[in-house]
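Here is the structure we will look at.
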Amino acid sequence: MEIKKVGVVGCGLMGGGITEVCARSGYDVVTLEVKQEFLDKGIGSIRTSLERGVKKGRLTEQEKDTIAGRIKGTLNMEDFRDRDLVIEAAIENMVEKKKIFASLDKICPPNTILATNTSCLSILDMAIVTQRPAQVMGLHFFSPVPVMQLVEIVKTLVTSDEVLKAGETFCKSLGKQPVLCKDTPGFLANRLGMAYLVYVFRCYEQGIASKEDIDKAMRLGFNHPMGPLELSDFIGLDTIYYIMVSMYQDLNDPLFAPPVILKKMVTAGQLGRKTGKGFYEYK
Ligand code: CAA
């Protein structure tokens, strides 16, 4: 199962990052969006990131152009018909994801491996809408994708060992460090990370300390690169809320019940960096 040609569904924050790291590692990448403006924005962000690499002296102009030349943006899923691996990084909505997997299954050759970057949804549910459930796995990247080392390789009840091995080889070829985990709500990192964040929000709600001091405690006391509230603004409060709701429902565990403050902030549109206001304000 040699992977040379990669397809990425979605060119937003995660899909764009995945596209970039694949192209940087020598893969031919086709990246799909639903609208030209989303595609232009996504490809534009990749170019900016590559240009930053040139400014920092890590890439030459020629290397930048070679990497950019490996990326083809498209609005047509038919362009995935020669892909060895397709990674879905679209909206976190099971109905939409099932539609995407059913379409990919029709378009891609029988040997193509299908992966999803979902952060919390059941991968088995996506796999069973295809005729190749053993060839479906999770490849869960972390943001910012070019920087973060971790990829979770998620095995469903039916993913084949051969496909998992191909996933591991692929992640290592991107310079990433994979961990293997089961297809359970939140997989591994979000299972641990959300348990932490939910408790942080409760401490904040209870007024145990100011937001600045909560962040300072974890930055300086535990050497985290960002405090948990800064990190939440960075991830997006809507994303965190969605993951917590999904984990709470699927695991039936009150540990993951989203705190009221989180729900209120999401309702008010205070989603973090992307809206200019979350726990902190951004220009
Ligand atoms: N794209 C590419 N590179 C980026 C970047 C981006 N969006 N943001 C930062 N970088 C690079 C910078 O270019 C810089 O590179 P060099 O050191 O090689 O020059 C490096 O990262 C450090 O950046 P900065 O100096 O600007 O800023 P920093 O030191 O504060 O680091 C950070 C920024 C990397 C985001 C760091 O704060 C960090 O690691 N934060 C934690 C991020 C994290 O926990 N992510 C996981 C979120 S959870 C998730 O994604 C999963 C989920 O399912 C929700």
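Note: hydrogens, waters and symmetry copies are ignored here, and every other heavy atom, side chains too, is used. By convention here, the first residue in the shown sequence is residue 1. Model, not experiment: these values are computed from the prediction.
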Might you confirm whether atom [atom1] of [X] has over 12 heavy atoms from other residues, nucleotides or ligands at distances under 6.0 Å?
X	atom1	value
Asn252	CG	no
Tyr196	OH	yes
Arg202	CZ	yes

Answer yes if [X] and [Y] sit in the same cluster of Ile, Leu, Val, Met, Phe, Trp and Tyr residues linked by side chain heavy atoms under 4.5 Å apart, and no otherwise.
X	Y	result
Leu255	Met247	yes
Val21	Ile71	no
Met194	Phe234	yes
Leu13	Val8	no
Ile46	Ile18	no

Connected-component partners of Leu104 among ILVMFWY, side-chain separation under 4.5 Å: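 Its cluster partners, ordered by chain and number, are Val9, Val30, Leu32, Met77, Phe80, Val86, Met94, Ile100, Phe101, Ile107, Leu114, Leu121, Ile123, Met126, Val129, Val136, Val154, Phe187, Tyr242.
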Transitive ILVMFWY cluster of Val34, excluding itself - 4.5 Å side-chain cut-off: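 For the cluster that includes Val34, the remaining residues are Phe38.
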State, to 0.1 Å, how close [X] and [Y] come at their nearest heavy-atom pair, and which atoms those are.
X	Y	value
Met14	Ser143	SD-CB, 3.8 Å
Gly17	Pro146	CA-CD, 4.5 Å
Gly167	Ile153	C-CD1, 3.7 Å
Ile3	Ala166	CD1-O, 4.1 Å
Val6	Cys22	CG1-SG, 4.2 Å
Asn190	His140	ND2-CE1, 3.6 Å

Side chains of [X] and [Y] in contact at under 4.5 Å (non-hydrogen atoms):
X	Y	answer
Leu59	Arg24	yes
Pro228	Asp215	yes
Ile87	Phe170	yes
Glu20	Val145	no
Val158	Leu124	yes
Val198	Pro259	yes
Asp250	Ser122	no
Lys165	Asp161	no

Quick one: pull up [atom1] in [X] and [atom2] in [Y] and give me the separation to the nearest 0.5 Å.
X	Y	atom1	atom2	result
Thr31	Lys72	OG1	NZ	11.5 Å
Asn111	Asp84	CG	CG	7.0 Å
Asp213	Leu229	CG	CG	11.0 Å
Leu174	Leu139	CG	CG	9.0 Å
Gln36	Ile43	CD	CD1	9.0 Å
Arg58	Glu63	CZ	CD	12.5 Å

Worked verdict on Leu197 versus Met244 for side-chain contact (heavy atoms from CB on, under 4.5 Å): CA-CA 10 Å; Leu197 289 182; Met244 283 181 183; 4.0 Å; yes
Under a 3.5 Å distance rule, please check whether [X] uses its side chain to pair with a backbone N or O of [Y] as donor and acceptor.
X	Y	result
Lys263	Tyr241	no
Glu33	Cys11	yes
Thr275	Gly269	yes
Gln135	Thr112	yes

Which residues share a side-chain contact (heavy atoms from CB on, under 4.5 Å) with Glu162, sequence neighbours left out: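 Checked Glu162 against side-chain contact (heavy atoms from CB on, under 4.5 Å); matches are Met1, Ser160.
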Donor + acceptor pair across side chains of Ser45, Thr48 (<3.5 Å):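 Note: Ser45 and Thr48 side chains miss the donor-acceptor criterion.
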Side chains of Ser119 and Glu92, donor plus acceptor under 3.5 Å: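 Per modelled atom types, Ser119 and Glu92 side chains form a pair under 3.5 Å.
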Check this for me: does any side-chain nitrogen of one of [X] and [Y] sit under 4.0 Å from a carboxylate oxygen of the other?
X	Y	answer
Asp28	Arg83	yes
Lys64	Glu61	yes
Lys216	Glu212	no
Lys172	Glu168	yes

Going by salt bridge (charged side-chain N to carboxylate O under 4.0 Å, His left out), name the pairs with one or both residues in [range], residues two or more places apart or in two chains.
range	answer
residues 127-155	Asp105-Arg132
residues 186-197	none
residues 223-239	Arg219-Glu230, Asp238-Lys274

Parallel, tilted or perpendicular: rings of Phe201 and Phe279 (30°, 60°):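 Because their plane-to-plane angle is under 30°, the rings of Phe279 and Phe201 count as parallel.
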Tyr280 six-ring centre to Lys211 NZ/CZ under 6.0 Å and within 45° of normal: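 Geometry flag: set, cation within 6.0 Å and 45°.
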